[in-house]
2 protein chains.
Amino acid sequence: MQKKEKACPEVATCSVDYAFKRIGGKYKGRILWYLHEHAILRYGELNRTLPDITTKMLTQTLRELEADNLIDRKVYLEVPPKVEYTLTEVGKELIPFISYLKEWGDKQIEAEKTKAK
Amino acid sequence: MQKKEKACPEVATCSVDYAFKRIGGKYKGRILWYLHEHAILRYGELNRTLPDITTKMLTQTLRELEADNLIDRKVYLEVPPKVEYTLTEVGKELIPFISYLKEWGDKQIEAEKTKAK
DNA sequence: CTGTATCCCCCCAGATACTG
DNA sequence: CAGTATCTGGGGGGATACAG
């Protein structure tokens, strides 16, 4: 059964939309931030740093970030295997903004606490 | 039919996660940005500004933003009805970051074009 | 003009098992 | 250690109709 094509398949309607498509998603923000804090993180370290993520989602998200040129993936050919993830230059450009967002988040969380009392 | 409040579905694992939960979603970024650009927008104007949104999603998203105290909703009791949306002070605090993100997006889009040629 | 109310599809993401 | 593979469901979001 032919369904009508969706209104906007994949083209971003504006640059804000474009940017949100690239850093949106359930885990991307945190991954980028943790990579900023630690500079280099291995797969297992990321998995432990994000307690609620599954290996499937972690791999998938990392691949998307890599495809979008926000992170680098370096594989060491040794046993046991070792893979390191780092921010690319383009990815690093996002840090000031995530940093700002984090401060805003901290502030709001604090405000909520005060209000609750 | 009242549904359970959606403003804070789950506990955020960190402030980055918290912030992304509040501005994430398919349309929130653009809505906040357009409200910044125009200061005041009516429901119909927002609907026209986001060509790919349905009334259902627009209403739903606006309600969430309102519940999160990022936008204000002012109703004029007249015929025909008139509703105006504006950014709250808390919402305005997000503008520098969205602005930064927009510039980043513009830059990436430009870079993609150059690369394509 | 500013929304509600339904119906329903698709896909994100979780759970689990397995592999080089 | 660093991932695939497969199955599954829940809900985000689309289309449409209608109301105050």
Side-chain angles (χ1 to χ4, degrees), chain A residues 1-13 17 20-31 35 40-67 71-86, chain B residues 1-10 13 17 20-31 35 40-67 71-86:
Chain A
M1 186 83 70
Q2 279 281 32
K3 289 281 312 185
K4 189 178 178 185
E5 202 171 335
K6 283 191 181 179
C8 185
E10 284 217 354
V11 183
T13 55
D17 191 39
F20 266 88
K21 278 186 167 49
R22 252 136 206 81
I23 58 147
K26 197 167 180 180
Y27 305 102
K28 288 186 179 177
R30 272 186 286 167
I31 289 177
L35 280 176
I40 297 180
L41 280 174
R42 298 180 58 177
Y43 184 89
E45 291 175 324
L46 278 166
N47 205 9
R48 265 172 272 119
T49 309
L50 295 117
D52 53 336
I53 203 172
T54 59
T55 58
K56 179 195 164 190
M57 285 313 299
L58 178 54
T59 302
Q60 185 177 307
T61 307
L62 288 170
R63 291 293 186 282
E64 287 177 17
L65 290 171
E66 192 189 358
I71 64 173
D72 273 328
R73 177 169 180 269
K74 179 165 189 184
V75 182
Y76 292 84
L77 294 176
E78 54 187 52
V79 179
K82 177 178 170 183
V83 181
E84 288 180 345
Y85 293 93
T86 53
Chain B
M1 184 97 59
Q2 276 286 32
K3 287 223 54 172
K4 191 181 177 187
E5 195 175 344
K6 199 66 186 297
C8 188
E10 305 157 10
T13 55
D17 190 39
F20 267 86
K21 278 187 167 45
R22 252 136 208 77
I23 58 150
K26 196 167 180 179
Y27 304 102
K28 288 187 179 177
R30 272 185 287 166
I31 289 177
L35 280 176
I40 297 180
L41 281 174
R42 296 182 57 178
Y43 184 89
E45 291 175 323
L46 277 166
N47 205 10
R48 263 172 274 118
T49 308
L50 294 116
D52 54 337
I53 202 171
T54 58
T55 58
K56 179 195 166 190
M57 284 313 298
L58 180 53
T59 302
Q60 184 177 308
T61 308
L62 288 170
R63 292 294 185 279
E64 287 178 16
L65 290 171
E66 193 189 356
I71 65 173
D72 273 328
R73 178 169 178 268
K74 181 166 187 182
V75 182
Y76 293 84
L77 294 176
E78 54 187 52
V79 179
K82 176 179 171 185
V83 180
E84 289 179 347
Y85 293 92
T86 53

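Please read these numbers as outputs of a predicted model, since none were measured by experiment. Each chain gets a letter, A, B and so on, in the order its sequence line appears, and its residues count up from 1.
If you check every strand for non-hydrogen atoms under 4.0 Å, A/Y76 touches nothing.
Distance CZ (B/F20) to P (C/dC12): 18 Å, rounded to an integer number of Å. Rounded to an integer number of Å, the gap from CG of A/L58 to C1' of D/dA2 is 10 Å. A straight line from CD1 of B/I40 to P of C/dT2 spans 13 Å, rounded to a whole angstrom. Taking atom CD of residue B/E45 and atom C1' of nucleotide C/dG3, one finds them 16 Å apart after rounding to whole Å. We find that CG of B/L62 is positioned 10 Å from P of C/dT4, with the value rounded to whole Å. Going from atom CE of B/M57 over to atom P of C/dT2 covers 19 Å, rounded to whole Å.
When distances run from any side-chain atom of B/P81 to the nucleotides D/dG14, C/dT2, C/dG3, the shortest one goes to C/dT2. Closest contact between the side chain of B/Y85 and the listed nucleotides D/dC1, C/dG3, D/dG14 involves C/dG3.
Judged by distance alone, with hydrogens and angles left aside, B/K56 brings a side-chain donor or acceptor within reach of the base of D/dG13, the pair sitting under 3.5 Å. Judged by distance alone, with hydrogens and angles left aside, B/T55 brings a side-chain donor or acceptor within reach of the base of C/dT4, the pair sitting under 3.5 Å. In the interface, the side chain of B/T59 is not paired with the base of C/dT2 through any donor and acceptor atom under 3.5 Å apart.
Side chains of A/Y43 and A/T55: no donor on one and acceptor on the other come within 3.5 Å.
Between B/R42 and C/dT2, a side-chain N or O to OP1/OP2 separation shorter than 4.0 Å is present. Close to D/dT4, at under 4.0 Å from its OP1 or OP2, lies no side-chain N or O of A/Y43. Distances shorter than 4.0 Å separate some side-chain N or O of A/Y27 from OP1 or OP2 on C/dG14. Taking only side-chain nitrogens and oxygens, B/R63 comes nearer than 4.0 Å to OP1 or OP2 of C/dT4.
B/E64 pairs with exactly one of B/K21, B/K28, B/R22, B/K26 by the salt bridge (charged side-chain N to carboxylate O under 4.0 Å, His left out) rule, that one being B/K28.
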